[in-house]
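See structure below.
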Amino acid sequence: MQDQENEILAPAEALVYPPDYIVNEAYINREIYAKMYRDSIENPEGFWHGIAEKELHWFEKWKDTFEWNYPDYKWFVGGKINITYNCLDRHIIAGHFHKCAYIYTNEASTEQRITYGELFDKVCRFSNGLLSLGINPGDRVGIYMPLCIEQIVAILGCARIGAVHSVIYAGFSAKALKLRLDDAKARVLVASTYTKRRGKMVDLKAIADEATEGLECMEHIIIHQREEPMLLDELEIDFDQFIATQSPVCEAIPFDSEHPLFILYTSGTTGKPKGVVHATAGYNLFTHYTTKIVFDLKTDDIFWCTADTGWITGHSYIVYGPLSNGATTLIYEGAPDFPDPASWWAVIEKYRVTKFYTAPTAVRLFMKYGDEWPAKYDLSSLKIIGSVGEPINPEAWHWYDKNIGRNNCAVVDTWWQTETGGHMIVTLPSLPQKPGRAGLPFLGIEAIVVNRQGTPVPPHTVGMLIIKKPWPSAFRTCFGEPERFQKYWNEIEGVYFAGDLATMDEDGYIMILGRSDDVLNVSGHRIGTAEVESALVSHPSVAEAAVIGKPHDIKGQSIKAFVILKQGIEKTEDLKKHINHQVKHELGAIGVPDEIEFVDKLPKTRSGKIMRRVLKAKEMGTEAGDTSTLED
Ligand code: WTA
């Protein structure tokens, strides 16, 4: 990707206008957007002050809206807030006790519903349970569960009493789980016994057992038993019992605006994942407001974000954003194309989903299955259909617009990151879209494309995507590693360095091209090349390994590994399988290479750094660019 810098790309295609009804319904239409954006950039503090007063409940009002001791920043300084009050209590006080908060369904079409009142009850009990274990504000709680209502209860149960949750995606291996729990020094783990994917049971309990074996920080394990209760050992507590024995009354404790809400581990350029820390008030406000404005959320909407709560998209747009707005959200546990390639479309028809949010990799998968699958279902309830996680190519954009949106929806691409907490670049649904371009910065966000010196590049020229100033939901630190946080604001002095390459056109629409660093994006999952490489070399036969991302029709990128074996080891297909198995064990299925090639040498700089760019060029049959630092 680095070679693309300064390249000039052809302009993208023409504008696509949303249907009139979208424009008429929108909170923010074309006329007011331009002025609102201008005002929000001229005076971001004033802008966010006004939104915070209007949209959230505060126990105590803040003194200063924004404080910036570069590189550290604070929002709503001195304010007191409880995010679960905004997500639950206030809706109940407003009379929405019986409103449905979540509809859960899965591959087997099982259905569960929970109202705001019922959710509130469970969350309070869970919070009381944590208090009974002696959990204090700031203590970390790990969560290793699939997408289900109990997971959301656990998340909110932590937040209500100020315990910092750290959700670990239930596709990570025991080793990866242990690494994260240990890094966070989690005192409690909440784990489910299993999940089902493609009808197959995944034994999460066994993984949790392995991960917590000998883990010194771990004091209690709460087991969410999905069917038959099993015999639990002394550290383990049954989830249902845990809440059944508690009082349903747990007052929301007012916390400082900056109180840490959660840690979410994400991949960087080194082998060790970073623990991205978000603070309560700014995150609450930003996810609330983007959910409302980007999805133009109204009280009768049925919102479905297909992400998993193990990733930031789930945190922001399954849990906190929708709940803070009092919405009804659908959650679906399982694979998108099981039992058949129309499972999701059947769900949209059945539940009359109005706002739908998914990833380009899913769109491309459905494209491959063919138009006939969605065509069988009535998708006329849909109004806004969103995209997130990777660039959506114009072909997929148009397919999505036509076959899912039936040319009667707004298609909205959203660019953002674990670190940004919420949407940064998104062309609001009432505005004209440019397929293939994530588009315009959100209100209050100044995103531009610059060269390495920080100077804006001309239109259509490839450069670095940066954001000029901290925004309310900008992450506050990397847990235990402030220097990794500072790097984001030092790479180009004084601005947020996103790590993505982009171009901007004459109208200010931004196109994201992909990462500028050694981070892969496989099916919308962020994976560090270094993480996969260290998993590869943990195999006893492997001496050295280098990993690159290759363009892939459906996944966006696939993983190719170049492996040097230890002396005397035979290069066999069987060994490749063993190595893959090892990666699965070390990291989880998401990190397993699609392809392994045994090589005798890797291209390196004279200082010994692997030149992945040279490997990639060789793989793709393109020019390798500047190779003057190549050792051999
Ligand atoms: C990529 C996911 C293009 C990007 C929310 C970013 C995108 C990384 C888009 C963050 C998009 C996310 N268009 N690329 N709409 N959305 N990305 O932290 O490279 O899992 O840096 O957050 O995904 O991935 P993360």
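Keep in mind it's a predicted model, so treat the numbers as computed, not measured. Just so you know, ligand 1 is whichever comes first in the structure, and atom 1 is the first atom listed for that ligand.
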[X] contact mode with ligand 1 (heavy-atom cut-off under 4.0 Å):
X	answer
V519	neither
T418	both
N521	side chain

Any donor-acceptor N or O pair under 3.5 Å, side chains [X], [Y]:
X	Y	value
W415	D500	yes
Y400	T358	no
S316	Y283	yes

Does Y509 have K434 sitting over its ring (NZ/CZ under 6.0 Å from centre, angle to axis within 45°)?
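Output yes; distance and angle both within limits.
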Is D72 paired with R476 through a side-chain N to carboxylate O contact shorter than 4.0 Å?
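Result for this pair is no, no salt bridge flagged.
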Any donor-acceptor N/O pair, H165 side chain to I263 backbone, under 3.5 Å:
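Absent.
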Numbering as shown, the atoms of ligand 1 that approach I312 to under 4.0 Å (heavy-atom distance):
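Listed by number with element, the hits are 5 (C), 22 (O).
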Show me which atoms of ligand 1 lie under 4.0 Å from any heavy atom of T313.
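Here the atoms of ligand 1 in question are 5 (C).
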For atom 9 (C) of ligand 1, state which one of E390, M511, R526, R515 supplies the nearest heavy atom.
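Looking at heavy atoms only, E390 sits closest to atom 9 (C) of ligand 1.
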Identify which one of W48, Y496, F442, W75 satisfies the ring-ring contact (aromatic ring centres under 6.0 Å, His included) criterion when paired with W471.
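When W48, Y496, F442, W75 are each tested with W471, the ring-ring contact (aromatic ring centres under 6.0 Å, His included) holds only for Y496.
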Among protein heavy atoms, which lies nearest [atom], and at what distance?
atom	result
atom 15 (N) of ligand 1	T414 O, 2.7 Å
atom 17 (N) of ligand 1	G389 O, 3.2 Å
atom 4 (C) of ligand 1	D500 OD2, 2.9 Å
atom 10 (C) of ligand 1	W416 O, 3.7 Å

Looking only at distances, please establish whether an N/O atom of ligand 1 is found under 3.5 Å from an N/O atom of D413.
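Yes; at least one N/O pair falls below 3.5 Å.
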Check this for me: D553, atom CG, are more than 12 non-hydrogen atoms of other residues, nucleotides or ligands nearer than 6.0 Å?
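At most 12 heavy atoms, drawn from other residues, nucleotides or ligands, come within 6.0 Å of this atom.
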Ligand 1 contacted by A438 (non-hydrogen, < 4.0 Å)
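The answer is no: ligand 1 sits nowhere under 4.0 Å from a heavy atom of A438.
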